[in-house]
Amino acid sequence: MIDFDGYLAVLGVPRPTAPTAEALWALHRAQVERVAYETLDNQLGRPSGIGAAESVARILRGRGGYCFHLNGAFGALLTALGYDVTLHRAGVQGEVEDPEGPGGDHLALTVGLDGERWLVDTGLAGGMHEPLALREGTYTQGPFTYAMAPSVVVPGGWRFAHDPRGAFTAMVFAPEPVELSSFAAEHERLSTSPESGFVRVLQAQLRDAKGVDMLRGCVLRRIDAEGTYERTIDSADDWYDVLADVFHLNMTDVDAPARAALWHRVHTAHQEWEAAGQRATTL
């Protein structure tokens, strides 16, 4: 049984009396502001499953996850609250759409409401703050401008283009409904393969009304209307303070040796990256 009341308590949103647009917007904003996009368990070598119950349990213990966890949990919550939710096979893509369509490395959600369908996506790595209508056009949320357009490759699909300052270029999703379980194989690859960016690099992101905070390895970046502020974190204590204070992540289930090993891994990777960059500059 999924503890949806506990989930709503984490979000700080009272249980809606009806599946209204006002409640949906409040839930979406609360999720992206309070539940971080993060890959910590992959770095710790203990990735969790993506079943809705397991993902909600992650959130209740003060953690987040990536799209399969975040949208899987959020979709289950919305369904329990009476919303018309559809899960879609999606993929993060570059400037040009992949002719083969969405590769399944992303789970997208749409909600039917008041005669229209909306992209509802809390797992887009610092992306949307509020739902977006499936209508062609450009949309501004805080300091970021997005574009929505029908896919030129996938019949009936849609393409979301991120702001140029975002962490990715675009996301494309197919119109057909899918089950959460259909992403299990891709989750296994993303969470365990040495080639996966989710395994190689620690990431955490959290969106708010004014911008986004992003942690990649040891580099903390804030992007908002004032510009981009960046700093490198050079001590384990400061790094764990950032996880707790900026990203609201509870690490009490990670013992001292594991915490030390995780910091060593992240800091060493950062030093290697800096050295490689320096060599590239001087050659």
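Worth knowing before you read on, the calculation uses all heavy atoms, side chains too, and leaves out hydrogens, waters and symmetry mates.
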Trainee: For Arg259, does its backbone N or O pair with a side-chain atom of Tyr240 as donor and acceptor, under 3.5 Å?
Mentor: yes
Trainee: For the residue pair Trp263 and Trp239, does the interplanar ring angle fall in the parallel (under 30°), tilted (30 to 60°) or perpendicular (over 60°) class?
Mentor: tilted
Trainee: Kindly indicate, with the supporting measurements, whether the criterion side chain to side chain contact (heavy atoms under 4.5 Å, CB included) is fulfilled by Arg222 and Lys210.
Mentor: CA-CA 10 Å; Arg222 170 71 182 179; Lys210 296 182 178 180; 3.8 Å; yes
Trainee: Is the side chain of Arg34 donor-acceptor paired with the backbone N or O of Leu11 at a distance under 3.5 Å, no angle test?
Mentor: yes
Trainee: Answer with yes or no whether the hydrophobic clustering places Met128 together with Trp158; edges join I, L, V, M, F, W, Y residues whose side-chain heavy atoms lie under 4.5 Å apart.
Mentor: yes
Trainee: Could you measure the distance from the NE2 atom of His28 to the CG atom of Leu109? Nearest 0.5 Å is fine.
Mentor: 8.0 Å
Trainee: Which atoms form the tightest heavy-atom contact between Val152 and Glu97, and what is the distance?
Mentor: N-OE2, 3.0 Å
Trainee: Is any side-chain heavy atom of Leu206 closer than 4.5 Å to a side-chain heavy atom of Leu215?
Mentor: no
Trainee: Do Cys218 and Asp234 come within less than 4.5 Å of each other through their side chains, counting heavy atoms only?
Mentor: no
Trainee: Does the side chain of Tyr83 reach to within under 4.5 Å of the side chain of Pro19, using non-hydrogen atoms?
Mentor: yes
Trainee: Is it the case that the side chains of Asp237 and Ser235 hold a donor-acceptor pair, with the cut-off being a distance below 3.5 Å and no angle test?
Mentor: no
Trainee: Which word best sums up how the rings of Tyr66 and Phe198 line up, parallel for under 30°, tilted for 30 to 60°, or perpendicular for over 60°?
Mentor: tilted
Trainee: Starting from Leu113, can I reach Phe160 by hopping between I/L/V/M/F/W/Y residues whose side chains sit under 4.5 Å apart?
Mentor: no
Trainee: Is there a continuous path of hydrophobic side-chain contacts, each under 4.5 Å between heavy atoms, that joins Val35 to Leu249?
Mentor: no
Trainee: If only atom types and distance count, is the side chain of Arg221 paired as donor or acceptor with the main-chain N or O of Asp213 below 3.5 Å?
Mentor: no
Trainee: Linking I/L/V/M/F/W/Y whenever their side-chain heavy atoms sit closer than 4.5 Å, directly or via other members, would Leu134 and Val178 fall into one cluster?
Mentor: no
Trainee: Rounded to the nearest 0.5 Å, what's the gap from CG on Leu87 to OG1 on Thr79? Could you check?
Mentor: 7.5 Å
Trainee: Please give me the minimum heavy-atom distance between Pro143 and Ala225, naming the atom from each residue.
Mentor: CB-N, 3.6 Å
Trainee: Is there a donor-acceptor contact under 3.5 Å from the side chain of Asp98 to the main chain of Gln93?
Mentor: no
Trainee: So, does Glu54 use its side chain to make a donor-acceptor pair with the main chain of Gly49 at under 3.5 Å?
Mentor: yes
Trainee: Closer than 4.0 angstrom, basic N to acidic O: yes or no for Arg216 and Glu230?
Mentor: no
Trainee: Please answer whether the main-chain N or O of Arg207 pairs with a side-chain N or O of Glu33 as donor and acceptor at a distance below 3.5 Å.
Mentor: no
Trainee: How long is the straight-line distance from CZ of Phe74 back to CD1 of Ile59, given to the nearest 0.5 Å?
Mentor: 9.5 Å
Trainee: Measuring from His267:NE2 to Leu262:CG, what's the distance to the nearest 0.5 Å?
Mentor: 13.0 Å
Trainee: Stepwise, does the side chain to side chain contact (heavy atoms under 4.5 Å, CB included) test hold for Arg135 with Trp118?
Mentor: CA-CA 9 Å; Arg135 280 188 263 117; Trp118 300 81; 4.3 Å; yes
Trainee: Please report the closest heavy-atom contact between Val56 and Ala73, naming both atoms and the distance.
Mentor: CG2-CB, 3.8 Å
Trainee: To check you understand the geometry: which heavy-atom pair defines the closest contact between His69 and His187, and what is its length?
Mentor: NE2-CE1, 3.8 Å
Trainee: Taking atom CD1 of Ile50 and atom CG of Leu180, what is their separation to the nearest 0.5 Å?
Mentor: 4.5 Å
Trainee: Identify the heavy atoms of Thr192 and Pro47 that sit nearest to each other, and give their distance.
Mentor: CG2-CG, 4.1 Å
Trainee: Do Met251 and Val246 belong together in a cluster built from hydrophobic side chains that touch within less than 4.5 Å?
Mentor: yes
Trainee: Would the number of heavy atoms belonging to other residues, nucleotides or ligands and lying under 6.0 Å from CD of Glu100 be above 12?
Mentor: no
Trainee: Is Tyr146 reaching over with its side chain to a backbone N or O of Gly127, donor-acceptor style, under 3.5 angstrom?
Mentor: yes
Trainee: Looking at Arg231 and Asp238, does any basic side-chain N land under 4.0 Å from a carboxylate oxygen?
Mentor: no
Trainee: Strictly distance-based, threshold 3.5 Å: is any side-chain N or O of Arg159 a donor or acceptor partner for the main-chain N or O of Ser151?
Mentor: no
Trainee: If you compare all heavy atoms of Ala90 against all heavy atoms of Met171, which two are closest, and at what distance to 0.1 Å?
Mentor: CB-SD, 3.8 Å
Trainee: Please walk me through it: do Leu124 and Leu70 pass side chain to side chain contact (heavy atoms under 4.5 Å, CB included)?
Mentor: CA-CA 9 Å; Leu124 266 178; Leu70 300 176; over 6 Å; no
Trainee: With a 4.5 Å limit on heavy-atom distance, are the side chains of Pro175 and Val154 in contact?
Mentor: yes
Trainee: Any idea how Phe68 and Phe183 line up, ring-wise: parallel (<30°), tilted (30 to 60°), or perpendicular (>60°)?
Mentor: tilted
Trainee: Within the side chain of Asp41, is there an N or O that forms a donor-acceptor pair under 3.5 Å with the backbone of Ser48?
Mentor: no
Trainee: Quick one: NE2 on His129 to CD on Gln141, what's the gap to the nearest 0.5 Å?
Mentor: 8.0 Å
Trainee: Measure from the side-chain N and O atoms of Gln205 to the backbone N and O of Val212, and report whether any donor-acceptor pair falls under 3.5 Å.
Mentor: no
Trainee: With side chain to side chain contact (heavy atoms under 4.5 Å, CB included) as the test, would you mind laying out the steps for Glu272 and Thr268 before giving the verdict?
Mentor: CA-CA 6 Å; Glu272 291 174 350; Thr268 299; 3.7 Å; yes
